[in-house]
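Here the structure is laid out as structure tokens; the discussion comes afterwards.
Residue numbering restarts at 1 for every chain, and letters A, B, ... go by the order of the sequence lines. Since the structure is predicted, the reported quantities are computational estimates derived from the model, not experimental observations.
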Number of protein chains: 2
Amino acid sequence: MTAAIAIADADGLAAVSMRAVAARLETGAASLYRYLSSRDDLLDLMADRVAAELRPYPEPDGDWLDTLVRLARAQRAVHERHPWLFELSQRASAIGPEALAFFDACLRVMAPVEAPSAAKFEAIGMMNGVAILFARKRAAGESLTFVGFDLTPYPHLLAALSRPAATPAAAMDLFERALRSLLRGLLTA
Amino acid sequence: MTAAIAIADADGLAAVSMRAVAARLETGAASLYRYLSSRDDLLDLMADRVAAELRPYPEPDGDWLDTLVRLARAQRAVHERHPWLFELSQRASAIGPEALAFFDACLRVMAPVEAPSAAKFEAIGMMNGVAILFARKRAAGESLTFVGFDLTPYPHLLAALSRPAATPAAAMDLFERALRSLLRGLLTA
DNA sequence: TCGTAACTGCGAACGACGTTTGCAGTTTAC
DNA sequence: GTAAACTGCAAACGTCGTTCGCAGTTACGA
């Protein structure tokens with residue numbers, strides 16, 4: 001449902017109630033059950049709808065690692081556009097056709113790599129995890145800096161925080177560097 | 001609250017309602033608000049309570065990478081013991097004293113490493129992510145195998161799934177290998 | 001010893017949630 | 001033209017987090 005995604009983008013996943021979605025559609029909450037079997041159904045549809053934004057998948061030309069990094073960048077962009085996607089990505093039922101298609105595209109890129117299937121699965125999961133982590137980095141960093149704690153019991157943390165923050169450019173480098181070293185480590189002997 | 005953690009371990013986070021916790025304590029739901037300001041408060045306390053299970057932290061002797069891997073293993077064990085912790089770990093407010101202490105311990109281990117603070121923060125976040133990913137691996141793999149989808153539109157996925165699954169021993173190797181290559185890539189020039 | 005002030009536990013109630021039910025109104029099929 | 005099927009939806013149910021107000025208990029100075 002496009003209406004549900006708009007609500008989630010604006011006010012977060014918690015604001016996506018059947019009544020809110022119905023109100024935006026100018027109808028009653030009960031009417032939604034003609035098209036959806038439950039709220040979980042709606043969330044699954046939302047997850048798969050935004051997963052479609054990962055298209056078009058890059059052609060697997062050139063280095064497979066470069067292509068995988070491009071896929072990860074797309075993932076990161078989607079998670080930044082729809083922060084609520086993170087909460088959905090952990091439900092097993094959220095694996096819809098679009099998610100499977102993305103999965104398949106990743107495996108296609110990895111086809112020339114000589115590695116067991118299990119390693120490739122892990123690599124995709126890890127790629128996912130890294131993309132999400134960086135998509136949420138800014139919010140997490142700020143929340144950590146501004147907690148109202150007395151940090152004196154944590155000397156190393158205090159010392160690290162008192163140093164100047166890294167530049168955004170360095171953060172971008174970090175994303176690619178982390179991803180490359182991780183995937184290379186997982187997929188090569 | 002120990003009672004709340006017991007409920008979550010048994011029936012999941014969703015079962016941790018104020019009424020359920022109160023019932024286990026043989027009291028009324030309203031009574032809990034004498035000690036907690038809200039349900040979110042309770043969840044934060046639960047998260048910090050299980051974070052205490054990460055102690056004692058290993059001494060940073062020997063190779064820093066070995067010590068970090070030991071910390072990650074502890075994290076993975078905690079997440080396997082309390083699967084609901086994953087749902088909590090994404091709330092910013094869940095960063096309590098114990099989580100900060102763990103953070104500090106990681107930084108202490110990384111003290112001899114020459115790297116910017118931001119890289120170390122990312123490394124810890126990534127370590128966390130990898131630990132969680134592997135803790136949830138079994139469930140995720142099964143849910144992916146048993147979805148009732150027609151997989152013919154996903155040829156590479158189908159090919160990968162039709163191969164024999166990896167042995168559990170190889171999975172354990174994968175955890176350590178992924179972590180090592182990731183941390184080394186992030187923290188060394 | 002009493003009186004009062006403060007604190008404690010908690011039944012009852014409030015509003016919001018997901019979901020079900022039952023019934024009008026409308027379309028479809030023969 | 002009538003019966004069957006489908007549609008939209010107000011109302012209600014049970015559960016949730018949370019608040020309110022009141023008994024019962026304790027603490028303490030007079």
- Item | Polar side-chain contact B:Arg34-C:dG9 base: donor and acceptor under 3.5 Å |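 In this structure, the two groups form a donor-acceptor pair.
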
Would you indicate which nucleotide in [options] comes nearest to any side-chain atom of [X]?
| X | options | result |
| --- | --- | --- |
| A:Tyr35 | C:dT8, D:dT7, D:dG17 | D:dT7 |
| B:Ala30 | D:dT19, D:dG17, C:dT8 | D:dT19 |
| B:Tyr33 | C:dG18, D:dG8, D:dT18 | D:dT18 |

In whole Å, I'd like the distance from the [atom1] atom of [X] to the [atom2] atom of [N].
| X | N | atom1 | atom2 | answer |
| --- | --- | --- | --- | --- |
| A:Met18 | D:dC16 | CE | P | 19 Å |
| B:Leu13 | D:dC16 | CG | C1' | 15 Å |
| B:Leu43 | D:dC16 | CG | P | 14 Å |
| B:Leu36 | D:dT18 | CG | C1' | 12 Å |
| B:Leu32 | D:dG17 | CG | P | 10 Å |
| A:Asp41 | C:dT19 | CG | P | 9 Å |

- Item | Nearest-nucleotide comparison on DNA chain C, the residue closer to the 5′ end among B:Gly28 and A:Ser37 |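 Of the two residues, B:Gly28 wins.
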
- Minimum heavy-atom distance A:Ala178-A:Ser181, with the two atoms named: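 Result for this residue pair: O-OG, 3.1 Å.
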
- Task: Salt-bridge test for A:Arg108 and A:Glu59: reply yes if a basic N is under 4.0 Å from a carboxylate O, no otherwise.
- Result: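 Salt bridge flag = yes for A:Glu59 with A:Arg108.
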
- Query: NA contact type, A:Ser17, heavy-atom cut-off 4.0 Å: base, sugar-phosphate, or nothing?
  - Reply: sugar-phosphate

- Message: Base, sugar-phosphate or nothing for B:Val16? Non-hydrogen atoms, less than 4.0 Å.
- Response: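 Sugar-phosphate, backbone atoms only, no base.
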
- Task: Give a yes-or-no answer on whether the side chains of B:Arg39 and B:Ser17 include a donor-acceptor pair shorter than 3.5 Å.
- Result: no

- Do the side-chain N and O atoms of A:Asp40 and A:Ser38 include a donor-acceptor pair separated by under 3.5 angstrom?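 There is no such pair (donor and acceptor under 3.5 Å, judged by atom type) between the side chains of A:Asp40 and A:Ser38.
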
- Side chain proximity check, B:Val50 to B:Leu88, heavy atoms < 4.5 angstrom: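 Not touching, per the 4.5 Å side-chain cut-off.
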
- Earlier contact from the 5' end, DNA chain D, for A:Thr27 and A:Arg19: A:Thr27

- Message: Does C:dC10 have OP1 or OP2 under 4.0 Å away from a side-chain N or O of B:Ser31?
- Response: yes

